[in-house]
Amino acid sequence: MSNPVSNAVSNPVSSSPSNAPHEGRKPRLLVQKYGGTSVGTIERIRAVAQRVASARAAGFDVVVVASAMSGETNRLIALGQQLSKRPDPREMDALVATGEQVSVALLAIALHDLGVPARSLTGFQVKLRTDSAFMKARIRGIDAEQLIETARQGVVPIVAGFQGVDDEGNTTTLGRGGSDTTAVAIAAALGQGVACEIYTDVDGVYTADPNVCPNARKVRRISYEEMLELASLGAKVLQIRSVELAMKYAVPVHVRTSFSDAEGTWVVNEDESLESVVVAGVTSDKNEAKVTIRRVEDKPGRAAGLFEALADARISVDMIIQNPSADGSTDMTFTVSKNELDRAREIASKVFASHEIFVREDVVKVSIVGLGMRSHAGVAAKMFRLLADEGINIEAITTSEIKVSCLVAAKYHELAVRALHDGFGLGA
Ligand code: ASP
Ligand code: MG
């Protein structure tokens with residue numbers, strides 16, 4: 001079973017792309033989003049202001065989106081949790097939204113100091129409307145006209161990422177990493193072809209984690225589809241929803257670092273992702289655990305009963321294996337994320353009260369992702385062979401059109417990733 005990632009963005013950005021004519025000069029619009037490390041200190045904020053100023057000097061009307069200073073959102077959440085085990089989500093959103101308000105105001109002050117007109121704007125002020133799902137709200141619309149007008153007047157709008165406002169006027173937030181989604185949504189609302197630069201703490205998307213594979217390469221271009229798979233597999237460069245939105249509105253996204261001028265990775269349409277390789281990257285996820293129910297009667301309804309109960313508890317299952325067996329019973333295995341393991345085990349032991357249930361946490365899921373798999377046969381076979389050659393046993397397999405994942409013992413994590421990375425010729 002593939003990851004429970006919906007490709008559909010249920011609440012699209014409703015503002016239509018503006019093609020309003022602007023007489024005389026018409027600089028290109030550009031969205032720059034600065035993540036927590038990029039605005040983590042006063043010196044960094046000064047450096048970001050300089051970067052914004054250079055983009056303007058290069059002929060862009062820049063709309064800036066900023067995250068909270070690094071560590072700030074965690075600090076605020078911890079404060080709320082010290083007062084209550086289950087703090088009210090509305091108040092948590094009111095609390096965490098302050099992080100972004102600090103950084104946008106500081107950034108505006110830094111720009112003023114460079115002689116650049118700038119104005120900080122909260123989610124409320126840009127009318128970034130969302131639904132009322134506190135802590136995981138979805139964007140419904142943005143007042144793009146106001147942003148375009150401000151930018152065209154030579155004032156840099158600096159928008160607080162991550163936050164919005166619902167129909168009742170409550171402050172909402174978009175879920176962790178939500179500033180990425182704010183930035184992409186704004187780029188989409190500003191018009192066709194407006195690019196979104198995401199400044200983050202890595203300088204691009206790599207063929208594998210460079211800490212595991214020292215010869216990992218920075219990918220110049222990658223497709224939205226591949227990026228979605230990588231994000232859902234735990235490569236936390238971009239919030240998944242921001243990639244879904246970028247794909248839906250064809251927003252070119254440039255993932256890069258504010259610590260240098262180096263080009264990062266462009267996330268673009270399939271036909272523009274030039275690197276014609278079968279496998280784009282290898283990734284791994286240590287956050288899954290395996291549950292096995294022994295000797296389940298091999299008859300209709302057993303799987304349905306179990307997975308309905310898990311679904312009712314909102315536990316998402318990733319991999320599933322079941323083998324038919326000769327004596328009328330079979331082992332049933334599935335994986336869930338580690339933080340849901342206890343609940344999953346409890347549910348399984350209710351559904352299968354008289355069965356032995358085993359859980360294993362020392363496993364890791366290694367995956368290969370690439371559009372080329374659609375047109376090349378034997379990619380999965382090659383993956384299995386590469387693992388076998390290292391003596392690594394595969395405990396579960398799952399595939400999608402552009403991904404193959406294998407669950408292996410955690411002790412083989414680095415060996416497996418390296419074997420696949422080198423075996424598919426991804427190294428520098
Ligand atoms: N500050 C928020 C967070 O840490 C949003 C973001 O940084 O994108 O999750
Ligand atoms: Mg982030």
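In listed order, ligands and their atoms are each counted from 1.
Scored by the ring-ring contact (aromatic ring centres under 6.0 Å, His included) test, Phe307 finds Phe334 as partners (sequence neighbours excluded).
Counting only residues at least two apart or on different chains, the side-chain hydrogen bond (donor to acceptor under 3.5 Å, both in side chains) pairs with a member in residues 252-262 are Ser38-Ser258, Arg44-Ser258, Arg51-Asp261, Glu197-Arg256.
For a threshold of 3.5 Å applied to N or O pairs, the pair formed by Gly177 and ligand 1 contains at least one separation below that value. Between Lys33 and ligand 1, not a single N/O pair is under 3.5 Å apart. Here's the thing with Asp180: none of its N/O atoms is less than 3.5 angstrom from an N/O atom of ligand 1.
Considering only heavy atoms from C-beta on, Asp143 stays 4.5 Å or farther from Val126 through its side chain. Taking the side chain as every heavy atom from C-beta outward, His421 and Asn215 approach each other to under 4.5 Å.
Partner of Val267 under the side-chain contact (heavy atoms from CB on, under 4.5 Å) criterion, out of Val184, Val255, Val219: Val255 alone.
Less than 4.0 angstrom separates some heavy atom of Ser67 from each of these atoms of ligand 1: 6 (C), 7 (O), 8 (O). Which parts of ligand 1 touch Arg176 is read off a 4.0 Å heavy-atom cut-off, strictly below it: atoms 3 (C), 4 (O), 9 (O).
By the 4.0 Å heavy-atom criterion, Gly178 is counted among the residues contacting ligand 1.
Crowding of Arg374 atom CZ: a count of heavy atoms from other residues, nucleotides or ligands under 6.0 Å exceeding 12.
Residue Glu100 touches ligand 1 through its side chain alone, judged by heavy-atom distances below 4.0 Å.
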